[in-house]
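After the structure tokens below, expect a handful of questions from me.
Just so you know, these numbers use all the heavy atoms, side chains as well, and skip hydrogens, waters and symmetry mates.
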Amino acid sequence: MLSPHSYANISFFQPPAFLMIGIPGLEAIHGWISIPFSSMYTVALTGNWLILLAVRRTPSLHQPMYFFLSMLALTDVGLTLSTLPTTLAVLWFDHRLIGFNTCLVQMFFLHSFSVVESSVLLAMSFDRFVAISNPLRYAAVLTNNVILRIGLAIMARATLCLFPVPFLIKRLNFCPGRNLLSHSFCFHPDVMRRACDDITINIRYGLFVVLSTCGIDSLLIILSYTLILHTVMGLASPRERVRALNTCVSHILAVFVFFIPVITISMIHRFGRHLPHIVHAFVAYVYLVVPPVLNPIIYSVKSKPIREAMLRVLKGKR
């Protein structure tokens with residue numbers, strides 16, 4: 001290892017590894033904290049895999065609505081697996097080091113899956129709009145080929161948006177001794193602020209990604225539901241109105257579960273730097289862990305076909 005005086009002769013420095021922390025100030029009880037985290041990760045992976053198996057094994061669920069739900073479940077599995085190894089390594093074994101390049105890879109996948117989730121929720125709102133406003137042409141509009149193209153477009157969008165991010169980090173000059181991350185995973189705003197370089201480009205590009213993905217998606221989802229409400233209010237029967245809105249409840253809850261933490265964490269990282277580190281950590285964990293846990297619960301509770309199909313999978317029935 002180089003001595004502190006040796007760094008003075010180095011014009012460009014990148015740390016070989018970052019040092020992660022779990023819950024700031026609560027390191028002494030990480031063992032106990034790992035219990036709820038392990039439980040949530042187990043629920044997230046089990047619940048989302050059950051949805052995937054239920055849709056695959058149940059021919060009656062081979063419909064656009066449930067194909068999009070499968071996309072959401074698969075995205076939640078990816079988002080969970082992005083943070084699970086490092087989070088549990090910190091909480092279980094106090095293994096806090098993560099290599100520089102490994103950190104960038106984790107950061108890419110973590111944020112890519114977040115963008116994919118936002119895009120899938122937008123696609124699901126379009127699905128609900130078509131199903132309610134033009135039910136007779138629903139199957140003709142959202143064919144399997146169209147759904148496949150939407151899925152590929154979602155993946156391409158996330159990849160293209162996030163691909164520059166690791167390279168924008170690699171160009172930065174870091175200061176020795178500033179390699180302590182605020183989370184147990186590599187989060188872009190956290191990593192870039194460890195640099196001793198000008199991070200204006202990183203901040204602006206990060207803001208561009210957030211606004212061009214989650215920002216636009218949230219506005220289009222609001223527009224979709226405005227049009228849905230306009231259509232529903234035009235229905236003659238109150239029972240038909242309730243029935244139409246009931247098909248949207250699960251999706252609306254999933255939208256709130258995802259976008260409220262996204263907005264909160266974006267605001268905190270830009271305007272709440274004075275807040276205690278534990279607040280930043282708590283909001284980040286809510287943003288990354290809670291949606292994959294709650295989405296299967298929401299859909300299994302609110303959707304009878306999904307609930308019955310999941311129970312058949314658990315019982316080993318076809």
Side-chain angles (χ1 to χ4, degrees), residues 51 55 60-73 75-76 114-158 161 208-264 266-267 287 290-291 294-307:
I51 287 178
V55 173
S60 62
L61 297 183
H62 293 177
Q63 302 175 33
M65 174 183 177
Y66 299 111
F67 288 146
F68 286 123
L69 177 57
S70 296
M71 290 184 195
L72 183 66
T75 304
D76 282 337
S114 294
V115 171
V116 169
E117 179 132 357
S118 173
S119 304
V120 171
L121 289 170
L122 172 60
M124 294 174 82
S125 71
F126 175 70
D127 166 81
R128 291 297 83 209
F129 169 68
V130 175
I132 292 173
S133 65
N134 202 344
L136 296 179
R137 298 199 64 240
Y138 177 58
V141 172
L142 290 173
T143 62
N144 290 348
N145 192 35
V146 169
I147 294 170
L148 178 61
R149 290 182 181 180
I150 290 173
L152 292 174
I154 287 171
M155 293 297 296
R157 180 199 196 197
C161 283
F208 164 76
V209 170
V210 171
L211 294 177
S212 63
T213 55
C214 296
I216 290 177
D217 292 350
S218 59
L219 292 176
L220 291 176
I221 289 172
I222 292 171
L223 175 62
S224 295
Y225 274 101
T226 303
L227 296 174
I228 287 171
L229 281 174
H230 181 266
T231 302
V232 169
M233 291 300 104
L235 297 175
S237 168
R239 181 175 293 181
E240 289 180 359
R241 295 176 190 173
V242 173
R243 186 183 302 168
L245 289 175
N246 274 340
T247 64
C248 302
V249 171
S250 299
H251 178 253
I252 292 171
L253 292 175
V255 167
F256 281 125
V257 164
F258 177 76
F259 280 102
I260 289 177
V262 166
I263 294 170
T264 303
S266 298
M267 294 298 101
Y287 160 55
V290 171
L294 290 185
N295 285 338
I297 297 173
I298 290 170
Y299 277 92
S300 62
V301 170
K302 297 300 297 181
S303 174
K304 185 178 178 181
I306 284 292
R307 182 170 64 252

When you look at Ser119 and Arg157, which way does the side chain to side chain donor-acceptor pair (under 3.5 Å) test go after all the steps? CA-CA 9 Å; Ser119 304; Arg157 180 199 196 197; 2.6 Å; yes
Could you go step by step and tell me if Ser114 and Tyr287 meet the side chain to side chain donor-acceptor pair (under 3.5 Å) rule? CA-CA 9 Å; Ser114 294; Tyr287 160 55; 2.8 Å; yes
Does any non-hydrogen side-chain atom of Asn144 lie less than 4.5 Å from one of Phe67? yes
Any non-hydrogen side-chain atom of Asn295 less than 4.5 Å from a side-chain atom of Glu117?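 Asn295 vs Glu117: side chains touch.
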Return the OG to CG distance between Ser303 and Asn246, rounded to the nearest 0.5 Å. 11.5 Å
Smallest heavy-atom separation, Ser218 atom then Phe259 atom, equals CB-CE2, 3.9 Å
Any idea which heavy atoms bring Pro291 and Val257 closest together, and the distance?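 Distance-wise, the nearest heavy atoms are CA-CG1, 3.5 Å.
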Start with the C-alpha gap between Ile306 and Leu61, add the side-chain angles, then the distance that decides, and say whether side chain to side chain contact (heavy atoms under 4.5 Å, CB included) holds. CA-CA 8 Å; Ile306 284 292; Leu61 297 183; 4.0 Å; yes
If every non-hydrogen atom of Arg307 is compared with every non-hydrogen atom of Val301, which pair is closest and at what distance? NH1-O, 2.9 Å
Side-chain touch Met65/Leu142, heavy atoms, less than 4.5 angstrom: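 No, side chains not in contact.
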Do Thr247 and Ile132 come within less than 4.5 Å of each other through their side chains, counting heavy atoms only? yes
Students often mix this up, so state it plainly: with edges at 30° and 60°, are the rings of His251 and Tyr225 parallel, tilted or perpendicular? parallel
Starting at OG of Ser70, measure out to CD1 of Ile147 and round the result to the nearest 0.5 Å.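 It comes to 10.0 Å.
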Checking Arg128 side chain against Cys248 main chain: does a donor-acceptor pair fall under 3.5 Å?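 Such a contact is absent between Arg128 side chain and Cys248 backbone.
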Hey, could you give me the OG/CD1 distance between Ser118 and Ile216, rounded to the nearest 0.5 Å? 9.5 Å
Mind checking whether Leu253 and Tyr299 have side chains closer than 4.5 Å, heavy atoms only? no
In this structure, are over 12 heavy atoms from other groups packed under 6.0 Å from Arg149 atom CZ?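 Atom CZ in Arg149 is not crowded, with 12 or fewer foreign heavy atoms closer than 6.0 Å.
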Kindly indicate whether the side chain of Ile252, heavy atoms from C-beta on, has any atom under 4.5 Å from the side chain of Val255.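 Answer no - side chains too far apart.
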Nearest heavy-atom pair of Ser266 and Val210: which atoms, and what distance?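 Heavy atoms of Ser266 and Val210 come nearest at OG-CG1, 4.2 Å.
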With side chains defined as the heavy atoms from C-beta onward, is the minimum distance between Cys161 and Thr213 less than 4.5 Å? yes
Please report the shortest heavy-atom distance between Ala244 and Val232, naming the atom on each side. CB-CG2, 4.0 Å
Would you check, one step at a time, whether the test side chain to side chain contact (heavy atoms under 4.5 Å, CB included) holds for Ile150 with Phe68? CA-CA 10 Å; Ile150 290 173; Phe68 286 123; 3.9 Å; yes
What is the minimum heavy-atom distance between Asp127 and Pro64, and which atoms define it?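 The pair with the smallest heavy-atom distance is OD1-CB, 3.6 Å.
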Got a second to check how far Asp217's CG is from Ile154's CD1, nearest 0.5 Å?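 So the CG of Asp217 and the CD1 of Ile154 are separated by 9.0 Å.
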Rounded to the nearest 0.5 Å, what separation is found between the CZ atom of Phe258 and the SG atom of Cys214? 4.5 Å
Test your reading of the model: is there a side-chain donor-acceptor pair from Thr143 to the backbone of Ala140, 3.5 Å cut-off? no
Kindly compute the distance separating OG1 (Thr226) from CZ (Phe129), expressed to the nearest 0.5 Å. 11.0 Å
Contact between Leu72 and Leu121 at the side-chain level, heavy atoms closer than 4.5 Å - yes or no?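 Sidechains of Leu121 and Leu72: in contact.
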